[in-house]
Amino acid sequence: MAEPGIIRKLDENVVNRIAAGEIVQRPANALKELIENSLDANATNIIITVKAGGLKYLQIQDNGTGIRHDNLDIVCERFTTSKLQQYEDLQEISTYGFRGEALASISYISHLTILTKTAADKCAYKASYENGKLKGPIKACAGNNGTQITVEDLFYNVLARKKSLRSATEEYSHIMEVVGGYAIHNSHVGFTLKKFGENTDIKTSIKSTVVENIRILKLFFLKLDPRNVDVNVHPTKHEVQFLYEEQIIDKIKSCIEAKLLSCNSSRVMYTQARLPGATMVDEIIKKTTDGAKIYAKDLVRVSSDTQKIDKFFQIASKRNENETNNAKETEKIVSEEIKDKPIVQINDEASDILENSLIEEPKEIKGKEKWNLHTAVEQANITYIDPKESFKTRTFKYERVETKLTSVKQLREMCEVAKQMTLLLLSKKEMLFEYFSLEMNADGELLALPLLLDGHTPFMGALPTYLVRLVTEVNWDSEKECFDTFCRQTAIFYSQPNPDSIQETQKSEEWKQEHVIFPAIRRNFLPPNRFVTNGVILQIANLSDLYKVFERC
Ligand SMILES: Nc1ncnc2c1ncn2[C@@H]1O[C@H](COP(=O)(O)OP(=O)(O)OP(=O)(O)O)[C@@H](O)[C@H]1O
Ligand SMILES: [Mg+2]
């Protein structure tokens, strides 16, 4: 059996370095401590400069009280503080700091330098520290009132930690978060954050308000139904996960777009007047007018969001021009469709319509499986087509019936069947409304339809068939089956092509497909595995193979 290990007291430096690792896990933690010190010293202006995400260099300059030069020898020792004297003081403490540990911790894991001047001092003093102790003599030098603390080579002696920090960019984004947070909560203090030798990334003014700071920092608040947020992903709730993330991003995108477009209504442009007698150089004209040039690096398309493939075809420019027109056109056509086509009233008159649908052979939808109906309906969070806009009745085309029906008896039978169907739908009225937002009033008038896809109005000519199929194809006896079959029928209705479509409407169809249907498929479509083998989905190309092909070119 192995001998028990001998227990020894750890070396003070080891203890301190371990303790330091707990306080400072990444550059942003060190910066947080330094900002708090500056705020505790009543600074009104704080400038932060960062190199390599703070791992190489992190400097904070404030205009606070400064540190007394006779305190500089102990300021980086553990448990030295000017903020707390006895335990009871903790009850009334109004400063961020009180432990006297932050500077000590940082000095154990980096090269730390303090340059400070109090208002009473004639000059500034500079001192460097290592493992909590002064590294050399304190030097008098020039400097402004306040304190400048420089942290270099953070984690130089904690290699495991250094390796675990992945990228300078990520560290910098944490630093931005920290600075942003303190800037919002301390709007009376001016904050500046910049990378060494570059322009500022954050700059707030001493006089700014909280709201102004929020604007500068480009933060926004999201109000979400708590049921759509999963908070159980991080012990400190520092991170949460959004359900329906894509939809939320889309919403944010469109909000920002709308805001940006609305502030575009007036704009002041300053132009440089040409010197008299100067002539335009051809080269400059070419440079400024040849906007259409596409650089080789932009020819790789890895996401459909960044650029469209149309751009690489000749017709691209034409199409783009048409795009906004198309949007308007679609809107017009859709509203006209709603105005003219619906012919539904599920009462006596409506029986005619139901009949009409019975006579017509229901159209077989090709590839109806291609739409995962459940997902579509569930995720679309069924809402209304404007409920105020009830669909008006249209006169029934008797001529058509006459040609198909031979006897009055047959016609009567049809009417009877239609009435029965109407009654069945009416008996499910409450349920249809509650589950699917399919609304009808007591008179049997249809008021609202489930809306699967915002921006896509189904072909209203297929509405009667849809209603008939709700009666004949939906299993009303079992709840699960009912959901499944109702969703299927609704999806079939939504995917009906418009047989009357003329060339113009076809264009708007194309637009709809690109901007409404395909994005929705990307978000909501969960293809079952069998689609891969039964040929419903065919792989045409994949990105890595394409790269290989283009590399050879
Ligand atoms: N920017 C600064 N301006 C003026 N004094 C400072 C500044 N930074 C540090 N000090 C002085 O150094 C002392 C030690 O700072 P340190 O951050 O280590 O401890 P603390 O702020 O007192 O407590 P905590 O460890 O909880 O932050 C402070 O109590 C303060 O007197
Ligand atoms: Mg502190």
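Counting begins at 1 with the first residue of the sequence. Numbering of ligands and ligand atoms starts at 1, following listing order. Quick caveat, the model's predicted, so the values are computed rather than measured.
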Distance filter under 4.0 Å, heavy atoms only, around ligand 1 gives Glu33, Asn37, Ser38, Ala41, Asp62, Thr65, Gly66, Ile67, Val75, Thr80, Thr81, Ser82, Lys83, Gly97, Phe98, Arg99, Gly100, Glu101, Ala102, Leu103, Thr147
Test log, rule salt bridge (Lys or Arg N to Asp or Glu O under 4.0 Å), inputs Glu171 and Arg26: CA-CA 7 Å; Glu171 293 315 312; Arg26 56 181 0 138; 3.0 Å; yes
Hey, does the Lys NZ or Arg CZ of Lys51 hover above the aromatic six-ring of Phe196, less than 6.0 Å from the centre and inside 45° of the axis? yes
With distance as the sole test, does Thr80 use its side chain to make a donor-acceptor pair with the main-chain N or O of Ile74 at under 3.5 Å? yes
Please check: side-chain N/O of Ser107 versus main-chain N/O of Glu130, any donor-acceptor pairing under 3.5 Å? no
Near the Mg ion (ligand 2), meaning under 2.8 Å, the protein N/O/S atoms are Asn37 OD1
Aromatic plane relationship, Phe483 with Tyr435 - under 30° parallel, 30 to 60° tilted, over 60° perpendicular: parallel
Geometric class of the Tyr182/Tyr96 ring pair [parallel <30°, tilted 30-60°, perpendicular >60°]: perpendicular
At their closest point, which heavy atom of Pro450 faces which heavy atom of Tyr494, and how far apart are they? O-OH, 2.8 Å
Work out which heavy atom in Ala30 is nearest to a heavy atom in Leu58; give both atom names and the distance. CB-CD2, 4.3 Å
Between the CG atom in Asp62 and the CG atom in Leu34, the distance rounded to the nearest 0.5 Å is 9.5 Å
